[in-house]
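Working notes for the structure below.
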Amino acid sequence: FPCLPGAAIDLAHHNNLAQKALLEGIALDQAVKTAIDLTSDVDTLTMVTADHSHVFNIAGYPARGHSILGKEMCTLHHNPLIHLGEEKGARYQYVWNREQLLDADDTALNFKFPVAVPIAYETHGGEDVAIYAQGPMSHLVSGNWEQHFIAHVMAYAACVGPDKSHCTETGRKNSDFCQGAPGRAGAGGRDMRIAVLNLVVVFVCSLL
C-alpha cells in the first residue's frame, strides 16, 4: 500500500506560509494525476484524504481578477486588507499594526500572513475532511466515515485481513465485487487479489 504524504502542506500552514501551502496543494494534485495516469482503475484503488484540516481562512470581497495572495485598501479605514490568514499563529502583530502591511510584499513565498490569536505555531482545525477514491471498492467511501474505516476499506479491497469471503466465492464475476475487474473465479475458487486489486495508492494531505 504506497502512502504518499503531502506533508509540506501541513508544515507551511503551521508557519503561516499560505502561498507555500497553496503551491504544495497544487503539487499534490499533480502527483495524484501522475498516479492515475500510471495505473488503471480496474485493478488500482486510489484514495486521497487528510487526517485533519487547518484554521485557514479566505475572507473579504476581493475584486474579480484580484490575486488571492494580494492586498487591497479597505475604504473604511484606509488600511490594507489581506484575504488569506490563519486564525492562530505567529503573525499577531499585523492585526494591530495593519499599516505595516502597506510596504509588505505579501506575494513573497515566505510572507507570513496575518493571524487573530498569538501562539508559536498555527493549529489544526476540527472540520470533517473529505476522502476521494476511484477504483475497486471506491463506492465504500461515499459519505462520512471515521478515519479508521479507511484501513478496513483498503484491506477489504485488497483481500487481506479477516474478511476475505468475497475474494474466494466461486462462479461469480470479479466485477460483482469490484468495479470493472475482468474475468471469473475458477470452478475451484481462488484468491481474487491479483485479478481484482494490484495496488492501493493512498495520498494523505492536510487540507487547505
Side-chain angles (χ1 to χ4, degrees), residues 1-72 80-91 94 101 104-117 119-136 138-139 141-145 147 150-151 153-154 199-208:
F1 303 130
C3 181
L4 309 178
I9 300 174
D10 181 70
L11 293 175
H13 277 303
H14 281 309
N15 288 283
N16 288 21
L17 300 175
Q19 183 175 178
K20 280 190 173 181
L22 295 175
L23 292 175
E24 289 294 335
I26 294 173
L28 176 71
D29 181 70
Q30 294 169 341
V32 173
K33 181 181 185 304
T34 298
I36 290 174
D37 290 343
L38 293 174
T39 58
S40 168
D41 61 4
V42 170
D43 59 7
T44 301
L45 173 63
T46 303
M47 308 172 76
V48 181
T49 188
D51 58 337
H52 57 75
S53 65
H54 281 269
V55 289
F56 181 58
N57 297 290
I58 301 176
Y61 299 99
R64 184 180 295 275
H66 189 275
S67 171
I68 194 66
L69 300 170
K71 58 178 177 282
E72 59 183 350
L81 175 66
I82 298 250
H83 301 294
L84 298 180
E86 311 277 0
E87 181 189 352
K88 302 177 179 70
R91 198 67 170 184
Y94 276 174
L101 293 173
D105 182 8
D106 50 328
T107 63
L109 186 61
N110 290 317
F111 177 78
K112 288 183 178 289
F113 280 73
V115 302
V117 179
I119 58 175
Y121 296 100
E122 180 267 354
T123 66
H124 298 162
E127 301 93 343
D128 289 341
V129 298
I131 178 169
Y132 304 94
Q134 73 169 36
S138 59
H139 64 283
V141 297
S142 63
N144 284 10
W145 299 99
Q147 287 187 343
I150 299 172
V153 172
M154 293 166 59
L199 184 66
V200 179
V201 180
V202 181
F203 292 87
V204 181
C205 59
S206 301
L207 289 188
L208 304 181

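Quick note: numbers below take in every heavy atom, side chains included, and nothing from hydrogens, waters or symmetry partners.
- Using modelled atom types, no side-chain atom of D29 and backbone atom of G25 make a donor-acceptor pair closer than 3.5 Å.
- The distance from atom CG of N16 to atom CZ of F113, rounded to the nearest 0.5 Å, is 9.5 Å.
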Checklist entry - When you look at I26 and L22, which way does the side-chain contact (heavy atoms from CB on, under 4.5 Å) test go after all the steps? => result CA-CA 6 Å; I26 294 173; L22 295 175; 5.7 Å; no

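- The line from CG of N15 to OH of Y121 is 6.5 Å long, rounded to the nearest 0.5 Å.
- Interatomic distance, L84 CG to F111 CZ, rounded to the nearest 0.5 Å: 10.0 Å.
- Side-chain N or O atoms of K88 include none that pairs as donor or acceptor with a backbone N or O of V115 at under 3.5 Å.
- Considering only residues two or more places apart in sequence or on other chains, K20 meets the side chain to side chain donor-acceptor pair (under 3.5 Å) condition with N110.
- Annotation: side chain of I150 is in contact with side chain of T49 (closest heavy-atom distance under 4.5 Å).
- Contacts of H14 classified as ring pair (Phe, Tyr, Trp, His ring centres under 6.0 Å), with partners at least two apart in sequence or in another chain: H54, H124.
- Side chains of Q134 and T46: a donor-acceptor N/O pair is absent below 3.5 angstrom, by distance only.
- In this structure, Q19 contributes its side chain and T107 its backbone to a donor-acceptor pair below 3.5 Å.
- In this structure, the separation between CG on N57 and CD on E86 is 7.5 Å, given to the nearest 0.5 Å.
- Expressed to the nearest 0.5 Å, how far NE2 of H83 lies from CD1 of I68 amounts to 7.0 Å.
- Listed for the T44 side chain is no donor-acceptor partner under 3.5 Å among the backbone atoms of D41.
- Atom CD in E122 sits 11.0 Å away from atom CG in L11 (nearest 0.5 Å).
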